[in-house]
Amino acid sequence: MFDLKAIRENPDAFDAGWARRGLDPQTPTILEKDKLIRKVKTMVQEAEAARNKASKQIGAAMGRGDKEEAERLKTEVAGAKNVIAALGVQLESEDTILNDLLASLPNIPADDVPNGASEDENVEIAKWGDPRSFDFDPKAHDDLGEALGMMDFETAAKMSGSRFVILRGALSRLDRALAAMMLDMQTGEGFEETSPPLLVWADPLYGTGQLPKFEEDLYKTTGDHYLIPTAEVSLTNTVRESILDLDTLPHRLTAHTPCFRSEAGSAGRDTKGMIRQHQFNKVELVSIATPDQSDDEHKNMLRCAEAVLQRLELPYRVVELCTGDLGFGARKTYDIDVWLPSQQTYREISSISNCGDFQARRMNARYRAGEKDNRFVHTLNGSGLAVGRTLVAVLENYQNEDGSITVPTALVPYMGGVETIG
RNA sequence: GGUCAGGUGGCUGAGUGGUCGAAAGCGCCGGAUUCGAAAUCCGGUAUAGGGGUAACUCUAUCGCGGGUUCGAAUCCCGCCCUGACUGCCA
């Protein structure tokens, strides 16, 4: 949500920000509605003041037994009530229109985010490691996993359909080992390990920005719950509707959870293998920070995510998303793409975003900046990392000609000493 | 899941239809007193929003949302949460 006062004072800045995302100017509509709403609100409040005043006088009149005066005042109140009711209907509908519009508008990109229309214009800002050269044709992770008998899409499809997988034996353990190593690393960086709810109500999803615009991407239960598409939702919402003490910030959280996504808009994309599943595990990082801290915090989270790939010795690159590829709630985002030999390309394995106060406004999450000075926090989130895609990267980058997989050195302790799979 | 009892300001807690944004105490802030402090005394101390250059003023908020009423913290309905007992169950 946005600060209407700020929009009023500086509409051009908002329109310029939205224009960078390819949106038409929004503030004329917003300001027109805002003006109308304030006008109606003033009228309602005046009528309410008159009603309240007369009502109090009724009490006084009754107290001294002046029934006549009381009756006269009652008709006065009835008149005010008619006005309030009529204006109230108008106020509510105008308010809903404005709120729906505001809730559907994305965050304003940070000034230093590169302009661009699509992911093609993202800017590579770092590259780490050299893709290994194979003296055989590297296989895709799903071919490797199936050949090992440890990655079973067919059986999963029987019970759950496409975009599900069953990991077996050493590959299942590898999944756990990766998650454990990531959690150990991130808790070592000061992120508090958390086991949050995987089912949440609509309000938290509204808070982090998945609702109202992206409902079709979510799984909803038969009740009022949705399955979280990322632990960002649960972790970020731990501070909703609260006022945090300055000395608790930045507040860093991490969680290893399953994530559930309907992938409604991605039919036909990445249908093969484990790249795009309805259910996948992810170690998430969230930081709640002050506006002063958030840029540094953002870079720190990028570093923490990169550290995992460095420790696994997997080649990757870091790109800064251009305005056209920025997510709905983000004002600035770094993606980390890991090298996949079978595709001869880098694929996203982590996305680290600074949301500024965008989510905080929606959640009403503030911190105490001073006496009578409560301000919205900044929220940041990122994968540290997507476990399933990391497993994919390990399989493909560490495969041997005979189809076995060498376990990365750092992972061997987490694999109970196993050095080779298959 | 069921039954019962609750949910009031930073905290404790009073308030069961009117002048209640809400007593009192604690805490906190300012002042007096003091060499200084404690104690004591005096005053202040919620949030969001509207109007106004401002002084100031108005509206909303007593878990959340509806309703009854001229008027709701107080009555009614739904939901959420907490506690006790109880059922089923990993």
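A, B, ... follow the sequence lines: proteins, then strands. Residue 1 opens every chain.
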Extract from the structure each pairing of a protein N or O with an N or O of nucleotides 75-80 of chain B at less than 3.5 Å, listing the distance.
none

Distances for protein N/O vs nucleotides 15-19 of chain B N/O pairs under 3.5 angstrom?
residue : atom : partner : partner atom : Å
G18(B)  : N2   : S55(A)  : O            : 2.9

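Here the side chains of L321(A) and V113(A) are not in contact, with every heavy-atom distance at 4.5 Å or above. With contacts defined as side-chain heavy-atom distances shorter than 4.5 Å, the pair D34(A)/R38(A) qualifies. Side-chain contact between R389(A) and V338(A) is absent, with no heavy atoms from C-beta onward closer than 4.5 Å.
The shortest non-hydrogen separation linking C259(A) to P229(A) is CB-O, 3.2 Å.
In this structure C64(B) sits in a base pair with G78(B), meeting the Watson-Crick or G-U test at under 3.5 Å. Base pairing annotation: C4(B) forms a Watson-Crick or G-U wobble pair with G83(B), both donor-acceptor distances under 3.5 Å. Taking a pair to require two hydrogen-bonding distances under 3.5 Å in either a Watson-Crick or a G-U wobble arrangement, A55(B) remains unpaired. Using Watson-Crick or G-U wobble geometry with both donor-acceptor distances under 3.5 Å, U12(B) finds its partner in A24(B). The pairing partner recorded for C89(B) is none, the criterion being a Watson-Crick or G-U wobble arrangement whose two distances lie under 3.5 angstrom. Across all strands shown, C35(B) forms no Watson-Crick or G-U wobble pair with both key distances under 3.5 Å. Under the Watson-Crick or G-U wobble criterion, with both distances below 3.5 Å, C70(B) is paired with G18(B). Pair assignment for G43(B): C29(B), on the basis of Watson-Crick or G-U wobble contacts that are both within less than 3.5 Å.
One side chain, S351(A) or D335(A), offers a donor N or O that lies under 3.5 Å from an acceptor on the other.
Comparing the P positions of U12(B) and G67(B) gives a spacing of 32 Å, expressed to the nearest Å. For A23(B) and G9(B), the P atoms lie 13 Å apart once the distance is rounded to whole Å. Nucleotides G66(B) and C26(B) place their P atoms 38 Å apart, quoted to the nearest Å. G17(B) sits 40 Å from C29(B) when the P atoms are compared, rounded to a whole Å. Going from the C1' atom of U68(B) to that of G78(B) covers 15 Å, rounded to whole Å. Between A14(B) and U8(B), the two P atoms lie 11 Å apart (nearest whole Å). Here the separation of G50(B) from U45(B), taken at their P atoms, is 23 Å to the nearest Å. Using atom C1' as the reference point in both G21(B) and C58(B), the two lie 14 Å apart (nearest Å).
Residues from residues 83-98 of chain A placing a heavy atom under 4.0 Å of any atom in RNA chain B do not occur.
Atom pair K81(A):NZ and U69(B):C1' shows a separation of 7 Å (rounding to whole Å applied). For the pair R368(A) CZ and A46(B) C1', the interatomic distance rounds to 11 Å; values are reported in whole Å. We find that NZ of K74(A) is positioned 9 Å from C1' of U69(B), with the value rounded to whole Å.
Shown here are the side chain to side chain donor-acceptor pair (under 3.5 Å) partners of E76(A), two or more places apart in sequence or in another chain: R72(A). With sequence neighbours excluded, the residues forming a side chain to side chain donor-acceptor pair (under 3.5 Å) with T230(A) are K282(A), listed by chain and number. For D184(A), the side chain to side chain donor-acceptor pair (under 3.5 Å) partners two or more places apart in sequence, or in a different chain, are Y414(A).
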What does nucleotides 48-60 of chain B look like as a protein-contact string, B for base, S for sugar-phosphate only, - for none, at under 4.0 angstrom between heavy atoms?
SBBS------BBS
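For CG of D3(A), the number of neighbouring non-hydrogen atoms (other residues, nucleotides, ligands) closer than 6.0 Å is greater than 12. Few gaps surround CD on Q90(A); more than 12 heavy atoms of other groups in view lie less than 6.0 Å from it.
Residue pairs meeting the ring pair (Phe, Tyr, Trp, His ring centres under 6.0 Å) criterion with at least one partner in residues 73-93 of chain A, sequence neighbours excluded, do not occur; the list is empty. Screening residues 49-60 of chain A for side chain to side chain donor-acceptor pair (under 3.5 Å) gives no qualifying pairs among residues at least two apart or on separate chains. Residue pairs meeting the ring pair (Phe, Tyr, Trp, His ring centres under 6.0 Å) criterion with at least one member in residues 92-119 of chain A: none, sequence neighbours excluded. Within the structure, every pair that satisfies the side chain to side chain donor-acceptor pair (under 3.5 Å) test and touches residues 144-160 of chain A, not counting sequence neighbours, is listed here: D152(A)-T155(A), D152(A)-R168(A). Applying the ring pair (Phe, Tyr, Trp, His ring centres under 6.0 Å) definition to pairs two or more places apart or across chains, those involving residues 358-391 of chain A are F2(A)-F358(A), F328(A)-F358(A).
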